[in-house]
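Just so you know, these numbers use all the heavy atoms, side chains as well, and skip hydrogens, waters and symmetry mates. In the text below, chain A, chain B and the rest are named by the order of the sequence lines, each starting its count at 1.
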Number of protein chains: 2
Amino acid sequence: MVTLAEVAQHAGVSASTVSYVLSGKRSISATTRQRVEQSIRELGYHPNAGARALAGKRSNIIALMIPLRTDMYVPVMMEIAIAVATTARTHGYDVLLLTGEEGPDAVRRVTGSGLADAMILMDVELEDERLPLLRETDQPSVLIGLPADSTGLTCVDLDWSATGALCVEHLAGLGHRDIAVIGEAPAVYERHTGFAERTLDGLRARARRAGVGVLHRPCEGGYDALALTLARIFDERPGTTGFVVQNESAVEPLLALLRQQGRAVPEDVSVVAICPDQVAVQASVRLTSVAIPAQEMGRRAVEHLVAKLDGRGGDEVVLLAPELTVRASSGPAPAAS
Amino acid sequence: MVTLAEVAQHAGVSASTVSYVLSGKRSISATTRQRVEQSIRELGYHPNAGARALAGKRSNIIALMIPLRTDMYVPVMMEIAIAVATTARTHGYDVLLLTGEEGPDAVRRVTGSGLADAMILMDVELEDERLPLLRETDQPSVLIGLPADSTGLTCVDLDWSATGALCVEHLAGLGHRDIAVIGEAPAVYERHTGFAERTLDGLRARARRAGVGVLHRPCEGGYDALALTLARIFDERPGTTGFVVQNESAVEPLLALLRQQGRAVPEDVSVVAICPDQVAVQASVRLTSVAIPAQEMGRRAVEHLVAKLDGRGGDEVVLLAPELTVRASSGPAPAAS
DNA sequence: CTGAAAGCGCTAACAA
DNA sequence: TTGTTAGCGCTTTCAG
């Protein structure tokens, strides 16, 4: 293992000089810098992370807390995680992966041990039990998601309420009067996940204003579950002509079942999905959809965190504006029969 | 921040005693232990990770290198990652998330800096450029995947070759004589990803023995791509009655297109998928499939790594035996017309 | 069974 | 522009 002292000796300078060449925290003459850099390369030197963390009081690690639930759409989480990791690297940070398993204890452990300088939390619930801890700590943190009370916290999220409203607006504008919402699995609502409830709120509020009816049904993924849900919906509201789907594993089953029932999309019923663009494009009918900007959420979260770590920027709620892309699954409501 | 010294003072013992209570590396009288533990609790002490890593020469961190490619089936990667993280925690390790982006440099950085004690690599290519580095280092590592030459390496993987063979065996046993294989995206084969090529090899070898024909077609996901692929297959081999699918985003399109063409599953054509059980069960036809044991791969990888870190166990290739579950998508080949 | 003390490799005053 | 030096908080000999 090569140490800073060895580099210093090899370059014929003092340890601190090498340290300063590395950190850039004071000016170094060009020749010295070059000699040091040369030695670093020749010896294959890498600063020891532990020593750095101890002496410098910062680990250059960001903790990322990912839920280990399986009822969420996994690719989105993964995309966020990867965006976090790559963005963090561009700022000189590594990412420590924490699963939800340890719960709030993980927060204590990480902040207490100095393992990480800051943390990013995903899958935030409206009344998340980790929030009090975050408010106490002086460690910077960013939530990806929006809790009920965001006082003293920094949050990055898609504006789900606006997303819901946008879907209704699109359908109402096309003349649809009865809209069914196929939602996430019941468990998601039961634990009051922020995005799910907010979407619903935005949807309902906008529907009220537009004078259209909304029927919301949570749904486990898969064909069988959806067949049941769909039957109930048409049973209760036979006049339903518009669907909003916020559940990736219900998208394809919905299209297949509608087809099977002889309901043409978009002639008889329109479908608007809330999902990543890739899902919308790859579906059997190219879906009109509001995209979930996973990458941008991950990137923004890191950038806010780094800003905080650098003493710039404070608490703030960043809501990304939803964008609806019209594709082949939505069209004018059929004339009333 | 609470330090070990403060705990020692509070408990009225020396620093080393506290350290030994924590590590259990020498016997401590019951009363002393209790007093120390009490102080730890009262003060809310957490050992400083950096100091530990520096003094103890181990960080208690395992690096996990995940590719950032988007052409692989993401949920499997995520499931592995989560299994790695949770298993690692039960052994006292945290997990550092590295994306493929930095490539081999990440290996150098992590081993050189002592950031992690060991690493797990995913998405291994047959001739992976990271392998030479791993062989040089004295840092333990485990691959999830199997390269062409596994000398001096520890690998955990599903036995893809046996998986391919098993699929053919099942279909051949049902009397199918012409089998089409719908594979991963072309890019996956182009970079010689281990699992894709091995599956193909196993499949072909077994087909040769059984005297059945095999036609392999890589395929991007989605309906449009699959429609093209499928047309070409039936064009070239009109007598195809068996399908093996190794591409999650082709599963549902395949079923839909077959249905649309009036080919009944499993009466006219049989389909065997290589995918996570959840996908097989949630599809529009419950699929006969070989499961991808993501969790077990993650878990086993960590356990082997921990064994190495503890000086137990050396290099080894662990191939998990594939298991085929018969569901509703496969049946006897139709009588030749 | 317990203490004292010497580092681990690096950073950041403080000096020059 | 550079060097000297005192820690950072912990582990681990070496003594007792």
DNA chain D: 5'-most and 3'-most nucleotides touching chain B, 4.0 angstrom heavy-atom criterion: dG9(D) to dC14(D)
Beyond-backbone contact of Leu309(A) with Arg58(A), side-chain heavy atoms, under 4.5 angstrom: yes
Side chains of Leu131(A) and Asp149(A) in contact at under 4.5 Å (non-hydrogen atoms): no
Would you jot down, in residue-number order, the residues of residues 41-55 of chain A having a non-hydrogen atom under 4.0 Å from DNA chain D? Leu54(A), Ala55(A)
For DNA chain D, find the residues of residues 20-31 of chain A with a heavy-atom distance under 4.0 Å and give them by number; none if there aren't any. Arg26(A), Ser27(A), Ile28(A), Ser29(A)
Is the phosphate of dG3(C), meaning OP1 or OP2, less than 4.0 Å from a side-chain N or O of Ser16(B)? no
Look at the side-chain N and O atoms of Thr32(B) and state whether any lies under 4.0 Å from the OP1 or OP2 oxygen of dT2(C). yes
Please assess Glu6(A) against Thr3(A) for the test side chain to side chain contact (heavy atoms under 4.5 Å, CB included), listing each intermediate value before the final yes or no. CA-CA 5 Å; Glu6(A) 292 171 329; Thr3(A) 70; 3.5 Å; yes
For Leu54(B), which residues count as a side-chain contact (heavy atoms from CB on, under 4.5 Å) partner, sequence neighbours excluded? Asn48(A), Ala51(A), Leu54(A)
What is the nucleic acid contact for Thr17(A), judged by heavy atoms within less than 4.0 Å: base, sugar-phosphate only, or nothing? sugar-phosphate
Taking any heavy-atom pair under 4.0 Å as a contact, classify Val13(B): base, sugar-phosphate, or nothing. sugar-phosphate
Just how far, in rounded Å, is C1' of dC10(C) from CD of Glu6(A)? 13 Å
Atom-pair distance (CZ on Arg58(B); C1' on dC8(C)), nearest Å: 15 Å
Working note: Leu121(A) + Ser141(A), criterion side chain to side chain contact (heavy atoms under 4.5 Å, CB included); need CA distance, chi angles, decisive distance, verdict. CA-CA 8 Å; Leu121(A) 307 202; Ser141(A) 60; 5.6 Å; no
Of Thr154(A), Asp128(A), Val317(A), Leu134(A), the residue whose pairing with Leu143(A) passes side chain to side chain contact (heavy atoms under 4.5 Å, CB included): Leu134(A)
As a test of understanding, state which of Val107(B), Val124(B), Leu97(B), Ile120(B) forms a side chain to side chain contact (heavy atoms under 4.5 Å, CB included) with Met65(B). Val107(B)
Any luck finding a side-chain donor-acceptor pair between Arg35(A) and Gln38(A) under 3.5 Å? no
Take Lys57(B) and Ala15(B), find for each the nucleotide of DNA chain C with the closest heavy atom, and name the residue whose nucleotide sits nearer the 5' end. Ala15(B)
I'd like to know whether Phe195(B) forms a side chain to side chain contact (heavy atoms under 4.5 Å, CB included) with Ile144(B), so could you lay out the CA-CA distance, the side-chain angles of the two residues, the decisive distance to 0.1 Å, and finally the verdict. CA-CA 10 Å; Phe195(B) 83 95; Ile144(B) 295 185; over 6 Å; no
Using a strict threshold of under 4.0 Å (side-chain N to carboxylate O), is an ion pair present between Arg300(A) and Glu303(A)? no
Salt bridge or not between Arg191(B) and Asp123(B)? Use side-chain N to carboxylate O under 4.0 Å. yes
Residues at least two apart in sequence or cross-chain that pass salt bridge (Lys or Arg N to Asp or Glu O under 4.0 Å) with Asp94(A), listed by chain then number, are Arg89(A), Arg109(B)
Does any N or O in the side chain of Thr99(A) come within less than 3.5 Å of the main-chain N or O of Ile82(B), such that one atom is a donor and the other an acceptor? no
Helix axis bend for the helix from dC1(C)-dG16(D) to dA16(C)-dT1(D) - C1'-based end axes, five pairs, 10° rounding: 30°
